Structures are given as structure tokens and as C-alpha cells.
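Single-structure report; data block below.
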Amino acid sequence: MSSIWPVLPVLLPLIGGILALFTRVGGLNWQRAVNLTMTVALVVLTVKTLMVAGNSGHEVYLLGNWLAPFGIVLVLDQLSALLLLVTAVLALFALLYAISQDTDRQGEHFHVLYQIQLFGLNGAFLTGDLFNLFVFFEVLLLASYGLLLHGGGRLRTKGGLHYVVINLVGSSLFLFAVGTLYGVLGTLNIADMADKMATVSPADQGIVAAAAMLLLVVFGIKAAMFPLYLWLPGAYAHTSAAVAALFAIMTKVGLYAIVRVHGTLFGEQAGALAGLHLDVVLWLGMLTLLLGAFGVFAARGLKEQAAFLVLASVATLLIGIGINQAQALSASLYYLLHSTLMGAAFFLMADLIARGRGSYADRLRSAPPMSQAILLGSLYLVAAISITGMPPLSGFFGKVLLLDAALGHPLQVWIFSAILLGSLLMMIAMARSGSTLFYQVNTDTHNDGQTQKSSALAVVVALLLISPLMVISAGPLTALTQQAAAQYVDRDGYINAVLQQPAVTRE
Amino acid sequence: MEWLVAIVIGVMTASGVYLVLRARTFPLVLGLTLLSYAVNVFLFSMGRLQVGQAAIISPEASGYTDPLPQALVLTAIVIAFGMTAFLIVLALKARSELGNDHVDGMSYVAEEQAPKSKADQT
């Protein structure tokens with residue numbers, strides 16, 4: 001029996017986007033109501049899909065009732081269900097912040113683009129077909145172009161242009177890779193490709209490896225992997241805070257694609273080609289981590305710093321993927337939940353500080369004291385501790401789990417040095433910017449910043465509270481991520497579930 | 001026929017890559033368009049090149065060509081078309097906001113940042 005659950009999280013935001021488009025005649029408040037209702041409904045739905053995925057292996061939906069290798073399939077397992085949930089939760093917080101700061105008044109169609117963005121993200125997490133993944137990538141990218149440029153401004157246009165161009169080049173490379181793989185394997189269904197990987201003739205193995213590396217470049221652009229991360233700081237630092245917060249999940253789509261496509265295609269069943277991406281991902285992850293930490297040091301503004309912190313968290317996750325064990329994957333999933341939500345919280349908090357400092361904005365210079373400095377300073381302290389991975393908050397927990405999984409890996413010395421050195425550098429940089437922002441105040445001029453809106457403050461506080469909550473509920477959470485990792489490592493289970501899914505018959 | 005198609009794809013890709021690396025937005029748009037043309041022909045040829053064969057099953061057909069790449073190319077063309085249209089509008093917006101068509105839009109942004117740094121020193 002074909003399950004309905006994998007298709008609902010894709011349909012809901014699509015309907016939401018269309019509704020938001022039509023309620024435009026009713027004014028902005030109607031659009032806000034539609035977007036908020038749909039996002040809350042999506043959170044509820046993704047909690048339900050996570051429970052469904054936990055109870056029954058892989059849920060497969062055959063689009064148009066075409067059998068697996070011929071039609072397109074949507075596959076729900078615990079890995080994709082977890083990512084759906086974190087996307088929905090993040091979207092809810094970012095939306096509340098956007099509404100409380102009137103970000104959506106700065107231009108047209110914010111709410112429509114927002115729902116279509118969620119449509120593309122959810123589709124990319126659920127699809128089991130390589131070409132369909134390309135289509136959902138394009139959907140989420142096109143919506144993200146609109147959101148990134150929302151509100152306008154010179155620096156935003158410049159950062160947006162770079163972002164659009166590099167992603168268009170990435171799309172072309174994606175199609176080259178997809179075409180090559182189809183030419184050799186004769187299929188685009190990920191499970192079917194994985195199944196056929198062992199039968200690739202030795203003469204064709206080089207071509208498949210080249211296509212796989214081309215795909216890694218594409219996903220590396222999305223995930224901001226060294227040396228393809230240069231677009232990220234410019235694009236993220238200059239867009240509006242709510243959009244930057246939502247984009248904390250965008251880099252994770254690239255990571256998820258590496259795990260889903262490369263991890264499934266080049267598992268143990270692939271014979272000579274098994275695990276060909278792992279070393280590259282591991283080494284580039286370590287390099288990206290150190291460069292991200294240097295970027296945090298060199299950044300001139302708090303938002304730029306937040307962008308480099310997102311980059312460092314992606315790099316840590318790349319290391320987790322490169323280690324390639326169920327335990328490392330479970331640790332990476334925990335760290336992914338933490339880093340996505342905390343990266344977003346850091347962007348929102350940087351925006352609060354920039355508003356409080358008025359004309360000095362988020363630049364790391366000595367400025368007149370802002371109002372509510374003690375409250376904002378406490379928020380900064382919590383966010384910085386959490387995101388650099390110091391005890392007692394969730395970042396520390398995630399990094400300990402990851403380092404624990406790295407024990408016994410042939411490159412464990414390198415992995416330990418990279419992660420610990422990166423954390424140390426980020427810690428020093430965060431301490432320095434904190435003291436610049438809150439201690440080195442000059443009282444020569446008057447502060448021309450705004451007083452904070454209590455609704456915006458409440459959103460940031462609530463988002464930051466998730467970090468201690470993740471520590472308190474670490475037991476059940478890690479049990480969940482371990483279950484998801486165990487299910488993912490069982491690649492035969494995935495392949496069989498997809499290929500043996502029977503079509504629905506009319507009774 | 002294969003070598004002719006291969007050369008066409010290669011030349012278009014090479015020209016596309018060269019144009020994408022230019023510093024101004026108009027050659028960049030042309031380069032991305034050429035790249036998408038190259039990838040469309042490439043995708044098409046991945047179903048193996050056939051002449052005069054049917055794509056849909058029929059009793060009279062003597063042989064078949066692979067219909068899937070044709071469907072893929074159709075999707076790719078539509079997406080590339082939409083993206084190019086968006087990019088042209090964005091390039092025009094960048095031209096009017098940054099005051100030049102340089103991809104980095106350097107001079108204008110540098111001017112904008114100058115008065116801010118003066119304010120910092122006070």
C-alpha cells in the first residue's frame with residue numbers, strides 16, 4: 001500500500017504559496033495569517049511524519065502510480081523526517097521575526113516566496129529521484145533569489161548577483177552530471193542507480209567517478225564547501241535577518257544531498273567505487289572549518305561573523321559525513337539540529353544588536369551604549385557559548401558526540417586538531433566582538449538606535465531557549481538520531497523499499 | 001555523427017566558460033546561456049543518437065529512441081529559460097543600482113562605504 005505521508009509536506013506549502021498569492025487582494029494581514037497558519041500546520045504535520053517514519057521503515061509514495069524505476073518516487077525515512085521538522089520549526093521562528101520587524105512590508109510577495117521556498121526545501125528532502133532533486137533545487141533556488149533580494153539595497157543586489165550566478169553555473173554542472181550518470185546507468189532513480197552500481201563495467205567506472213565528483217562540486221556549492229564558499233558571506237551578511245535565518249537550512253540541503261545521493265550510490269554495494277567521495281569530503285571539511293574560523297576572526301561586522309559561523313558549522317558536519325559511521329552520522333544529525341537553529345538565532349540576535357546601535361549598525365567598532373544592553377548582552381553570551389561549542393549548551397554536546405565518533409578513525413589526530421583549533425579560534429573571536437560591542441562603549445555621542453520591540457526580543461529568546469532544551473532532552477534526541485542513522489546505514493533496506501513498492505490497485 | 005555533436009558541445013561549453021569568467025554582466029548572461037545550450041545537447045545525446053526512430057511504441061516502428069532524455073531536456077530548457085530571464089532583470093537592476101555593469105560593482109560600493117568609516121572615527 002502506497003503511503004500518503006511523503007507527499008503531504010510537499011503539497012502543504014505549495015497550497016500555502018498559492019493561497020498567499022490570492023489573499024494579496026485582502027492586504028498584508030491576510031497574507032500573514034495564511035503564511036502563519038500554513039507554517040504552524042507544517043510544524044504539526046512534520047511532527048506527525050517523524051512519528052510515522054519512526055514506526056514503520058521507509059514510506060514510499062509513487063507519483064502517478066508508476067512503479068519505482070520508471071516513475072518518480074518520494075521517500076520518507078527518519079533522516080528526511082528530522083530535516084523536515086527542523087526546517088518547519090526554523091521557518092516558524094524566522095517568519096515570526098519577519099512579521100514582528102515588518103520585513104514583509106519592504107517589498108511584494110514575501111509570503112508567497114516564503115511558502116514556495118518551503119515547498120522546494122521539503123521536496124528536496126523527500127525526493128528519491130536525481131532529476132527530480134534538480135527540479136526541487138531550482139524551485140528552492142528561485143524562491144531564495146527572490147527572498148535574498150527582498151527589500152533591495154546596493155550591497156544586497158551585489159551579493160545576490162553573485163549568489164544567482166554561481167548557482168546557475170551549479171545547475172548547469174548538475175545537468176552534466178545527471179546526463180553522464182543516465183548515459184552509463186540508464187536510470188535516475190537513486191535506489192535503482194545504487195542497485196546497478198555494482199554492475200558498472202570497469203571501463204565505465206572512471207566516467208561514473210567523474211560524474212560523481214561533478215555532483216560533489218554542485219552539492220559543495222550549495223553546502224558552501226571549500227573552495228566554493230566565497231558567495232556565502234556576501235549573500236548572507238547583506239540580506240534581511242529573517243531571510244538569513246531561514247537560509248541557515250539552505251546549506252544543509254547541500255549536505256543532505258551529499259548524504260543521500262553519494263552516501264546511497266557509493267555505499268558498500270558499489271564494489272570498486274564504494275566510498276569514493278569520503279576522503280575528499282573529510283579533508284575539505286577540515287579545511288573549510290579552519291578557513292571559516294579565520295573568517296569569523298577577520299569579519300568586520302557581526303552579521304558577516306554570523307555568516308562565517310554558519311560556514312564553520314557546515315564544515316563540522318562535512319567532517320561528520322566524511323567519517324562515515326552510524327555513530328558519526330548520529331552525532332552529525334544532533335549537531336545539525338543544533339547548528340541550524342543556533343545559526344539562525346545568531347543572525348536574528350545580530351539584527352537586534354544592529355538596530356539597537358543605530359548608525360553604527362553591526363560593525364565591530366566602539367559605539368555609544370545601546371538601550372537594553374544587559375539583556376542583549378546576555379542573549380549574545382548564550383548564543384556565543386552555544387554556537388562555539390562551550391559547555392553547558394548544545395554545541396558542546398554535539399561536538400563531544402562527534403569527537404567521540406572520530407575516535408579510532410585513521411585520521412583522528414587531524415580531525416581532533418581541526419575541530420578543537422576551529423572552536424578555539426571562534427571562541428576568541430566571539431569574546432573579542434562581545435567585548436567590543438558591550439564593554440568598549442564611548443559616551444561622547446548619543447546612541448541613535450531604536451528601542452527593541454518586545455515581540456522580536458521574545459522570538460529570539462524563545463529560539464535561544466532551544467539550546468538548553470536540546471541538552472536537557474539529549475537522551476531521547478540522541479536515541480532518535482541513532483535510530484535515524486541506523487536506518488540510513490541499512491542501504492539495502494532503502495533500495496528494497498523503493499524498488500519493491502507495489503502500485504495501488506483499484507478495488 | 002557522434003564526433004560532430006561532441007565537438008559542438010565542447011565548443012559551446014568552452015565559449016560558455018570563457019564568457020562566464022568575464023568581468024561584466026552582459027557577457028556573463030551570454031556565457032550562462034551558452035552553457036545551458038551545451039548541457040541541453042549533452043543531455044539529449046545521452047540517450048544515444050538515433051535518426052528517424054520513434055519515441056513512442058507503435059506496431060510499425062522499426063526501432064526506438066530513448067524518450068526520457070527528451071523529457072529531461074524539455075524540463076531543462078524551461079528552467080534555463082526562466083532563470084536567464086530572471087538573471088537579465090537582475091543584471092539590469094544591478095546596473096541601475098551600482099552605477100556600472102561590473103560583476104563586482106566595485107567603485108560605487110566603495111564610495112558608499114567611505115562616509116561610514118569617517119563616522120567611525122568620531
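Here is how names work: the chains are called A, B, and so on, in the same order as the sequence lines, proteins then strands, and each is numbered from 1. Since the model is a prediction, treat every value here as computed from it, not as a measurement.
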Can you tell which part of [X] gets under 4.5 Å to a heavy atom of chain A, answering side chain, backbone, both or neither?
X        : value
Leu72(B) : both
Thr25(B) : side chain
Ala80(B) : neither

For residues [X] and [Y], report the shortest heavy-atom separation together with the two atoms involved.
X         : Y         : value
Phe42(B)  : Phe176(A) : CE2-O, 3.3 Å
Lys158(A) : Val103(B) : CG-O, 4.5 Å
Ala94(B)  : Leu161(A) : CB-CD2, 4.3 Å
Leu35(B)  : Ser172(A) : CB-OG, 4.0 Å
Met83(B)  : Glu138(A) : CE-OE1, 3.0 Å

Go through Leu141(A), Leu188(A), Thr180(A), Asn167(A) and name the one with the most non-hydrogen pairs under 4.5 angstrom from chain B.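 That would be Thr180(A).
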
Look at Leu168(A), Val184(A), Val135(A), Val178(A) and state which one has the largest set of heavy-atom pairs under 4.5 Å with chain B.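 Top count of heavy-atom pairs under 4.5 Å with chain B: Leu168(A).
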
Nearest 0.5 Å please: distance from the [atom1] atom of [X] over to the [atom2] atom of [Y].
X         : Y         : atom1 : atom2 : result
Met46(B)  : Leu181(A) : CE    : CG    : 10.5 Å
Phe137(A) : Ile79(B)  : CZ    : CD1   : 12.5 Å
Thr187(A) : Leu68(B)  : OG1   : CG    : 8.5 Å
Tyr163(A) : Leu90(B)  : OH    : CG    : 12.5 Å

Just wondering, are more than 12 heavy atoms of other shown residues or ligands nearer than 6.0 Å to [atom1] in [X]?
X         : atom1 : value
Tyr439(A) : OH    : no
Leu4(B)   : CG    : yes
Phe44(B)  : CZ    : no
Arg432(A) : CZ    : yes
Ile57(B)  : CD1   : no

Among the listed options Asp66(B), Val20(B), Thr13(B), the residue most often paired with chain A at heavy-atom distances under 4.5 Å: Asp66(B)

Under 4.5 Å from a heavy atom of chain B, the part of [X] involved:
X         : answer
Ser171(A) : neither
Val164(A) : side chain
Leu173(A) : neither
Phe131(A) : side chain

Taking C-beta and beyond as the side chain, do Phe174(A) and Val39(B) meet within less than 4.5 Å on heavy atoms? no

